[in-house]
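In what follows, a structure is listed as structure tokens, so that the remarks can point back to it.
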Amino acid sequence: MIHISKKPKKENPHEGHRGRVRKRFIENGLNGFAHHEMLELLLYYCYAQQDTNEIAHKMIKEYGSLYNLFEADTFDIMNRCNVTERVAVLVSLIPKLCNVYFRSKWEREIIVMKSLNIAAQYAVSLFVGRTNEAFYIFCLDTGYRLNHVSLIAEGTLDETAIYPREIVGESIKHQATHIILAHNHPGATANPSRRDIEATRKIVEGLKFMNIRVIDHIVVAGDKYYSFASNDYMVEGYIS
């Protein structure tokens with residue numbers, strides 16, 4: 001009788017380690033995880049057997065931080081880190097998903113922007129995952145309820161062209177009695193530039209003739225922000 005032995009299944013040397021890392025996440029979330037360990041866990045879903053710890057270290061080292069890596073362009077990640085399109089897409093998808101996640105929590109709520117806290121939270125969530133400048137206005141009714149968010153302009157990494165007449169048009173279109181201006185400074189501080197200050201002045205003056213009041217201009221940089229209203233600068237301010 002001929003006995004045919006089966007070829008032993010090749011073991012994955014990282015299987016036990018991966019199981020322990022996943023269990024750690026399930027039980028405690030990301031508490032206690034170093035940044036390279038977070039990325040290592042994420043990369044499990046692109047690499048079946050390869051040591052993702054080493055890859056994670058190299059990718060973060062290339063960009064200097066996990067934040068810079070996640071904010072990078074997909075093709076740039078592929079080229080600089082020598083990884084596949086699948087890996088680069090997964091990594092660059094994270095901040096975009098975060099943007100949708102944070103914004104979705106507001107969708108079923110009636111948002112009343114009578115305070116800086118609410119307006120700033122909304123503004124910060126709006127810019128999560130954005131790597132270029134963008135300028136929005138929040139159109140509010142007489143009760144300070146948010147009835148529309150208008151994207152006025154998008155620009156390069158550090159510059160956006162703003163035309164006051166577009167802001168006037170959007171405000172009238174959405175029957176705003178008050179508006180809040182919001183734009184971001186990707187990769188910079190939230191302090192307003194001279195151009196930001198001049199643009200705010202022109203917008204405030206232009207809308208006065210339409211009896212539309214500018215409550216605030218919020219400049220966002222990551223999770224930080226600058227409020228013109230909290231600095232008593234040109235705008236009307238909040239009522240509470």
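When a residue number appears, it is its place in the shown sequence, counting from 1.
If you chain together hydrophobic residues whose side chains sit under 4.5 Å apart, Leu30 and Tyr45 fall into the same group. No path of Ile, Leu, Val, Met, Phe, Trp and Tyr side chains, each step under 4.5 Å between heavy atoms, connects Ile77 with Val89, placing them in separate hydrophobic clusters. Under the 4.5 Å side-chain heavy-atom criterion for ILVMFWY residues, a single connected hydrophobic cluster contains both Ile239 and Leu140. Linking ILVMFWY residues whenever their side-chain heavy atoms come closer than 4.5 Å, directly or via other members, leaves Met78 and Leu66 in distinct clusters. Residues Leu93 and Met59 do not share a hydrophobic cluster, defined by chaining ILVMFWY side chains whose heavy atoms lie under 4.5 Å apart.
The CD1 atom of Ile218 lies 7.5 Å from the CE atom of Met113; values are rounded to the nearest 0.5 Å. Atom OG of Ser227 sits about 4.5 Å away from atom CG of Leu116, to the nearest 0.5 Å. For the atom pair Tyr44 OH and Asn53 CG, the distance stands at 7.5 Å (nearest 0.5 Å). Put simply, CG on Leu90 and CG on Leu43 are 7.0 Å apart, with the number rounded to the nearest 0.5 Å. One distance of note links NZ of Lys202 with CD1 of Ile197; it measures 13.5 Å at 0.5 Å rounding. Note that CD of Gln175 and CG of Asn147 are 7.5 Å apart. Values are rounded to the nearest 0.5 Å.
Between Val91 and Val83, the closest side-chain pair of non-hydrogen atoms is not below 4.5 Å. Between Phe138 and Ile111, every side-chain heavy-atom pair lies at or beyond the 4.5 Å cut-off. Val168 is listed as a side-chain neighbour of Met210, based on a closest heavy-atom distance under 4.5 Å. Side-chain contact check for Tyr226 versus Asn231: some heavy-atom pair is nearer than 4.5 Å. In this structure, His185 and Glu133 have side chains that are in contact, with non-hydrogen atoms separated by less than 4.5 Å. By the 4.5 Å heavy-atom criterion applied to side chains, Arg22 and Arg18 are counted as neighbours. Looking at heavy atoms from C-beta onward, Val214 lies out of side-chain contact with Met234 at the 4.5 angstrom threshold.
The aromatic rings of Phe135 and His183 lie parallel to each other, with less than 30° between the two planes, well short of the 60° mark. Ring-plane geometry between Tyr233 and Phe228 is classed as parallel, the angle between the planes falling under 30 degrees on a 0 to 90 degree scale with a further cut at 60.
Of the possible polar contacts, one joining the Asn184 side chain to the Ala134 backbone as a donor-acceptor pair under 3.5 Å is found. With Asp216 contributing its side chain and Ala229 its backbone, the two residues share a donor-acceptor pair below 3.5 Å. No side-chain donor-acceptor contact under 3.5 Å links Arg213 to the backbone of Glu236. Ser193 places a side-chain N or O within donor-acceptor distance of the main-chain N or O of Asp196, the cut-off being under 3.5 Å.
Under the side-chain hydrogen bond (donor to acceptor under 3.5 Å, both in side chains) criterion, the residue pairs touching residues 23-34 are Arg24-Glu37, with sequence neighbours excluded.
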TODO: Would you sort out whether Glu54 and Lys58 count as a salt bridge (Lys or Arg N to Asp or Glu O under 4.0 Å), showing the intermediate values?
DONE: CA-CA 6 Å; Glu54 182 180 352; Lys58 288 181 178 178; 3.3 Å; yes
TODO: Walk me through it: do Ile203 and Ile137 pass the test side-chain contact (heavy atoms from CB on, under 4.5 Å)?
DONE: CA-CA 11 Å; Ile203 293 167; Ile137 64 168; over 6 Å; no
TODO: Kindly determine whether Phe33 and Glu40 satisfy side-chain contact (heavy atoms from CB on, under 4.5 Å), including the steps that lead there.
DONE: CA-CA 10 Å; Phe33 274 72; Glu40 175 190 357; over 6 Å; no
- [ ] Start with the C-alpha distance between Val87 and Tyr47, add both sets of side-chain angles, then the distance that settles side-chain contact (heavy atoms from CB on, under 4.5 Å), and finish with yes or no.
- [x] CA-CA 9 Å; Val87 173; Tyr47 293 98; 3.5 Å; yes
Task: Working for side-chain contact (heavy atoms from CB on, under 4.5 Å), residues His174 and Ser150 - done: CA-CA 9 Å; His174 297 288; Ser150 297; 3.8 Å; yes
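Between Pro192 and Val219, the shortest heavy-atom distance links the atoms CB-CG2, 4.5 Å. In terms of heavy atoms, Ile179 sits closest to Ser171 at CG2-OG, 3.6 Å. Nearest heavy atom pair, residue Pro95 against residue Ser92, reads CD-O, 3.4 Å. Listed here is the closest heavy atom pair of Val112 and Gly143: CG1-O, 3.7 Å. Between Leu181 and Thr200 the shortest heavy-atom distance is CD1-CG2, 4.4 Å. Shortest non-hydrogen contact noted between Ala119 and Ile180 is CB-CD1, 3.9 Å.
Evaluation of the salt bridge (Lys or Arg N to Asp or Glu O under 4.0 Å) rule for Lys61 yields no partner, not counting sequence neighbours. Residues satisfying the ring-ring contact (aromatic ring centres under 6.0 Å, His included) criterion with Tyr225, sequence neighbours excluded, are absent altogether.
Surrounding CD of Glu205 are more than 12 heavy atoms belonging to other residues, nucleotides or ligands, all under 6.0 Å away. Heavy-atom contacts from other residues, nucleotides or ligands closer than 6.0 Å to NZ of Lys173 number 12 or fewer. Environment of CG in Asn68: crowded, with over 12 heavy atoms of neighbouring residues, nucleotides or ligands closer than 6.0 Å.
The aromatic ring centres of Tyr144 and Tyr238 sit 6.0 Å or more apart.
If you check the side chains of Thr177 and Thr142, you find no donor sitting under 3.5 Å from an acceptor.
Using a 4.0 Å cut-off between a side-chain N of Lys or Arg and a carboxylate O of Asp or Glu, Arg201 and Glu198 qualify as a salt bridge.
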